[in-house]
Every structure is written in C-alpha cells, then in structure tokens.
K.L.:
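Here's a structure for you.
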Amino acid sequence: MPELPEVETMVRGLRPALTGRAVDRIELHDPTMLLGCTAAEFAARGVGVRVAGVGRRGKWVVVELTDDRGMIVIQPRMTGGFWLVEPPRPEHVRLTFRLANPEASVWFCDARRLGRILWFDGPDAAAAAFARAHGPDALAIARDDLAARLKRTRRAVKPTLMDQKVLAGIGNIYADEILFEARLHPLKVAADLTPREVDRLHAAIVPILSKAIAAEGSSFDAGYRTVLGLEGGFLAVNSMYGRAGQPCKGCGAPVEKTKIAGLIGRPTYLCPKCQPLRRPGARPKKG
DNA sequence: CGGTTACCCTGGATGC
DNA sequence: TGCATCCAGGGTAACC
C-alpha cells in the first residue's frame, strides 16, 4: 500500500512522537521480516537507545539513533504501517518501540508480512543500500534527469515510473494519477516520449504527490491508516484509481480499468480519450 | 543486459 | 453457512 505520500505521512506522524525519545527496548515479533542480522543481534542492539530523528527514503522509513547506534530501516511494502494508538489487530504487530519517560509504545504492523526491517551500522551503510535500490526521490528529481532516465529504456512508461531505481516513491496508484494528469497513455514507450511529453510528466509528479500528502494518503478497505488510525483522504479527490466506469474528470468518458504488460497482475486505470496511445492526428503507416 | 514473470504472504470480498 | 477463488498499495530472484 504505502507509496511516497503514505510513507511521508507516516514519517510526519512518527517524527514528533519519536524524535529525542529514549527507547527502553525494541521488540521484534517476527524474525522472518528481518534482513542483515539475526534476531538475537537485533534484540541485543535494541536496548537503551535514543531516537535522533525519523526520515523517508523513497518508500522506506528511516529511524536514526543517537550515539553512533546506527539506523533502523523499515520497508512497509504492501500492508505495513505504524501506530501511535493501540492497533486494531494486535496479532499483526511485528515491531514495537517501548519508549521511556514517559512510557509509551509505537507499533509497526504488517498483516501480510511482506515488509522488511533492517538495522544499519551507520549513515554510510544505509546510504549505500539506499543508492543501490533507488534513483532520485520523486519529489526532487530534475526534469532533465527524468528525461535522461526515461531515454534509457524501451519499457512502457508506467512500469518505468514505478521502477524505484529510475525514481523513488511512485507506486501503482500514483502512477495512474500522474499519467492521467500528464495525459499520457501508460503503454507509451518511455524512451519515445517527446520533450513536451516529458515536460508534462515531470510537471505532474510533484503536484499529484503533494496533493496526496496534503490528504494524508490513500485508504481503502482495511489497508493504510495514519499513525492515529485515520483514513487518508486522497481517493475522495483523485481522478483515476478505483474509478472504473465513472466519468473522466477531463472529458466525461468512462474511466477504464485494465491490465497492462510489464506489471504482472496490477490494475491500471486510464481514460482512453484523454490518454491516447497514439497522437490523435497520426495516421497508421502504410506498407 | 534488458525486460518479463513467478513468488513471497495474508485477509477481505466475491461467487457458487 | 461454508468453501473456493480472486484480488491487493511492493519488491526481489530467476528466467529468457
């Protein structure tokens, strides 16, 4: 579930609750989600630490500790999320921060256990791991950098946008919203986008993600919630995701739900009128 | 190497 | 009601 706006919302919720706080211990309840060290090592390290700050790297949550104790990285993936209030499904708690002075808890829950938890010794190790897995952050990428990265691949533009090594933070929901805002068909070949199309795509990214952050992300069903258990409001004001059959906000034609190559089974929402695969005036080649 | 596909997990919704 | 099937915001490893 969590894409950049949801993770940013989590981080903004965690930051005031965790920054500067002493942590009696960090309890890992599901060792299978831990990468890079053993559960015993994790337990030993998680005693008597203090939080220096909380940050976001792409879709990763980074909890930085004081006194050279390194940083804990939590990847929520599909169903992970943090709770400052009692989580509604305690059996899904995978990690607990036990705070001291005054006592409190911060929980990380993940129903499907697809999330991952790592502990890095220091900023250099964490930065190296981040760089291996990510391109520039979607909120910060420059237009020409995006253009150069799109030029490198003949994949479709949607899976390219969702490739964290191209740019970090965009997932299935926001890819559809951004492509609609830019009036681009998700199957257009990334390298074939014209300079004007790249302009439109780049110009759509920050406004869509910012609007979603302002709405505290996207919630549906029993999925993502804020750290206070509230639903994010973006899907009440969005254009595409979850709106199959509803009138397109650009032209009124029904929004189409489909599956596209390069994205396994994930749904894609688009307006075939506003996001044509070929330019409306273009004639098919003869021959 | 670039691109595509299986698979990791589980809960909730849907259909019979 | 009960059971089978399908679906889901992500990411990696293996494959062609």
Side-chain angles (χ1 to χ4, degrees), chain A residues 1-10 29-36 56-61 73-82 87-94 108-118 129-135 138 149-179 186-192 208-209 212-213 215-226 231-236 238 240-244 257-269:
Chain A
M1 55 173 167
E3 306 181 33
L4 186 153
E6 289 75 30
V7 177
E8 181 64 27
T9 303
M10 289 175 195
H29 311 290
D30 183 354
T32 66
M33 296 172 65
L34 181 67
L35 297 179
R56 177 186 64 77
R57 301 282 184 279
K59 302 175 191 175
W60 298 3
V61 174
V73 167
I74 296 137
Q75 305 173 8
R77 301 246 177 127
M78 292 275 267
T79 48
F82 288 88
R89 301 288 296 266
E91 69 272 30
H92 291 161
V93 174
R94 312 300 179 191
F108 173 69
C109 297
D110 186 353
R112 281 168 70 178
R113 301 193 297 139
L114 293 171
R116 291 296 178 263
I117 297 159
L118 302 94
F130 175 75
R132 272 196 301 276
H134 297 80
R149 288 164 177 274
L150 294 170
K151 270 283 179 251
R152 286 180 209 159
T153 179
R154 297 209 54 82
R155 294 148 80 195
V157 62
K158 179 173 176 184
T160 304
L161 267 187
M162 291 171 62
D163 183 341
Q164 304 303 295
K165 291 185 137 173
V166 174
L167 74 170
I170 296 172
N172 196 45
I173 290 179
Y174 298 106
D176 283 354
E177 300 298 326
I178 289 164
L179 289 168
L187 281 178
K188 286 211 174 206
V189 174
D192 290 347
I208 291 289
L209 296 179
I213 291 168
E216 301 196 301
S218 296
S219 292
F220 61 80
D221 298 340
Y224 160 79
R225 296 292 184 273
T226 72
E231 293 192 16
F234 183 71
L235 292 185
N238 77 324
M240 286 287 129
Y241 190 88
R243 296 186 178 276
K257 179 181 183 180
T258 182
K259 311 252 186 209
I260 68 167
L263 277 183
I264 320 161
R266 298 225 170 87
T268 287
Y269 297 84

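Naming convention: chains lettered A, B, ... in sequence-line order (proteins, then strands); numbering from 1 in each chain.
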K.L.:
Under a 3.5 Å cut-off for both distances, is B/dC9 Watson-Crick or wobble paired, and to whom?
P.N.:
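When the pairing criteria are applied, nothing turns out to pair with B/dC9, so the answer is none.
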K.L.:
When we call it a touch if two heavy atoms are under 4.0 Å apart, what does A/P159 touch: a base, just sugar-phosphate, or nothing?
P.N.:
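Since no nucleic acid heavy atom lies under 4.0 Å of A/P159, the category is nothing.
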K.L.:
For C/dA8, take OP1 and OP2 only and decide whether either is under 4.0 Å from a side-chain N or O of A/K257.
P.N.:
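Answer yes for this pair, as a side-chain N or O of A/K257 is under 4.0 Å from OP1 or OP2.
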K.L.:
Quick check on DNA chain B: between A/R112 and A/R155, whose nearest nucleotide comes earlier from the 5' end?
P.N.:
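In this pair, the answer is A/R155.
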K.L.:
Minimum heavy-atom separation for A/P267 to A/N172, with atom names?
P.N.:
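Closest approach of A/P267 to A/N172, heavy atoms only: O-ND2, 2.9 Å.
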K.L.:
Can you tell me the distance, in whole Å, between the CG atom of A/L35 and the C1' atom of C/dA13?
P.N.:
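Taking CG of A/L35 and C1' of C/dA13, I get 14 Å after rounding.
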K.L.:
Taking the six-membered ring for Trp, are A/H134 and A/W60 parallel (under 30°), tilted (30 to 60°) or perpendicular (over 60°)?
P.N.:
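Ring orientation, 0 to 90° scale: perpendicular.
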K.L.:
Heavy atoms under 4.0 Å, any strand shown: does A/G115 hit a base, just sugar-phosphate, or nothing?
P.N.:
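The answer is nothing, as A/G115 stays clear of every strand by at least 4.0 Å.
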K.L.:
With rounding to whole Å, what would you report as the distance between C/dC6 and B/dA6 at their P atoms?
P.N.:
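Here C/dC6 and B/dA6 have their P atoms 15 Å from each other.
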K.L.:
For B/dG11 versus C/dT12, give the span between their C1' atoms, rounded off to a whole number of Å.
P.N.:
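About 23 Å, rounded to a whole number of Å.
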K.L.:
May I have the distance from A/H134 (atom NE2) to C/dT12 (atom C1'), rounded to whole angstrom?
P.N.:
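Going from A/H134 (NE2) to C/dT12 (C1'), I get 13 Å.
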K.L.:
For the residue pair A/Y174 and A/E6, confirm or rule out a side-chain donor-acceptor distance under 3.5 Å.
P.N.:
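Yes, because at least one side-chain N or O of A/Y174 sits under 3.5 Å from a partner of the opposite role on A/E6.
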K.L.:
Counting the atoms with a prime plus P, OP1 and OP2 as sugar-phosphate, which does A/T160 contact under 4.0 Å by heavy atoms, base, sugar-phosphate, or nothing?
P.N.:
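It contacts nothing in the nucleic acid.
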K.L.:
Specify the separation, in whole Å, of atom CZ of A/R116 and atom C1' of C/dG9.
P.N.:
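These atoms are roughly 16 Å apart.
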K.L.:
With rounding to the nearest 0.5 angstrom, report the CE to CD distance, A/M10 to A/E8.
P.N.:
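The CD atom of A/E8 is 11.0 Å from CE of A/M10, to the nearest 0.5 Å.
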K.L.:
Return no unless some side-chain N or O of A/Q75 is found under 4.0 Å from OP1 or OP2 of C/dG11.
P.N.:
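Answer no for this pair, as no side-chain N or O of A/Q75 is under 4.0 Å from OP1 or OP2.
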K.L.:
Quick one: list whatever passes salt bridge (charged side-chain N to carboxylate O under 4.0 Å, His left out) with A/R89, sequence neighbours left out.
P.N.:
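Listed in chain order: A/E91.
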K.L.:
Quick check on C/dG9: is either OP1 or OP2 less than 4.0 Å from any side-chain nitrogen or oxygen of A/K59?
P.N.:
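Answer no for this pair, as no side-chain N or O of A/K59 is under 4.0 Å from OP1 or OP2.
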K.L.:
In Å and rounded to the nearest 0.5 Å, what is the CD1 to CG distance from A/I260 to A/L187?
P.N.:
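Going from the CD1 atom of A/I260 to the CG atom of A/L187 covers 4.5 Å.
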K.L.:
At what distance, to the nearest 0.5 angstrom, does CD1 of A/I173 lie from CZ of A/F234?
P.N.:
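Answer for the CD1-CZ pair, A/I173 versus A/F234, is 8.5 Å.
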K.L.:
For A/Y241 and C/dG9, is the gap between ring centres under 5.5 Å while the planes differ by less than 30°?
P.N.:
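No.
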K.L.:
On DNA chain B, compare the nucleotides closest to A/I264 and A/R89; which residue's is nearer the 5' end?
P.N.:
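Upstream on the strand: A/I264.
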K.L.:
Using side chain to side chain contact (heavy atoms under 4.5 Å, CB included), reason through A/F130 and A/V73 one step at a time and then give a plain yes or no.
P.N.:
CA-CA 10 Å; A/F130 175 75; A/V73 167; over 6 Å; no
K.L.:
Taking any atom under 4.0 angstrom from a heavy atom of chain A, which nucleotides of DNA chain B are the first and last to qualify, 5' to 3'?
P.N.:
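Contacts span B/dG3 to B/dG12, reading 5' to 3'.
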K.L.:
Return the minimal non-hydrogen interatomic distance between A/L4 and A/K59, and the atom names on each side.
P.N.:
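The pair with the smallest heavy-atom distance is N-CG, 4.2 Å.
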K.L.:
Give one of base, sugar-phosphate or nothing for A/N172, where a contact means two heavy atoms less than 4.0 Å apart.
P.N.:
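If one applies the 4.0 Å heavy-atom cut-off, A/N172 turns out to touch the sugar-phosphate alone, with no base involved.
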K.L.:
At less than 4.0 Å, is any side-chain N or O atom of A/K259 found next to OP1 or OP2 of C/dC6? Yes or no.
P.N.:
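Negative; the distance criterion is not met.
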K.L.:
How long is the line joining NZ of A/K165 and C1' of C/dG11, in whole Å?
P.N.:
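It is 11 Å, rounded to the nearest whole Å.
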K.L.:
Provide the distance between the two P atoms, one in C/dG9 and one in B/dT14, to the nearest whole Å.
P.N.:
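The same atom, P, in both gives a distance of 16 Å.
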K.L.:
Rounded to whole Å, how long is the line connecting atom CD of A/E3 with atom P of C/dA8?
P.N.:
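Interatomic distance, CD of A/E3 to P of C/dA8: 14 Å.
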K.L.:
Whole Å only: how far is the CE atom of A/M162 from the P atom of C/dG9?
P.N.:
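Rounded to whole Å, this separation is 8 Å.
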K.L.:
Is there a Watson-Crick or G-U wobble partner for C/dC15 with both distances under 3.5 Å, and if so, which one is it?
P.N.:
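With both distances under 3.5 Å, C/dC15 matches B/dG3.
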K.L.:
Measure from CG on A/D163 to C1' on C/dG11 and round the result to the nearest Å.
P.N.:
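From A/D163 CG to C/dG11 C1': 10 Å.
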K.L.:
Whole Å only: how far is the CG atom of A/L118 from the P atom of C/dG11?
P.N.:
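Answer to the nearest Å: 13 Å.
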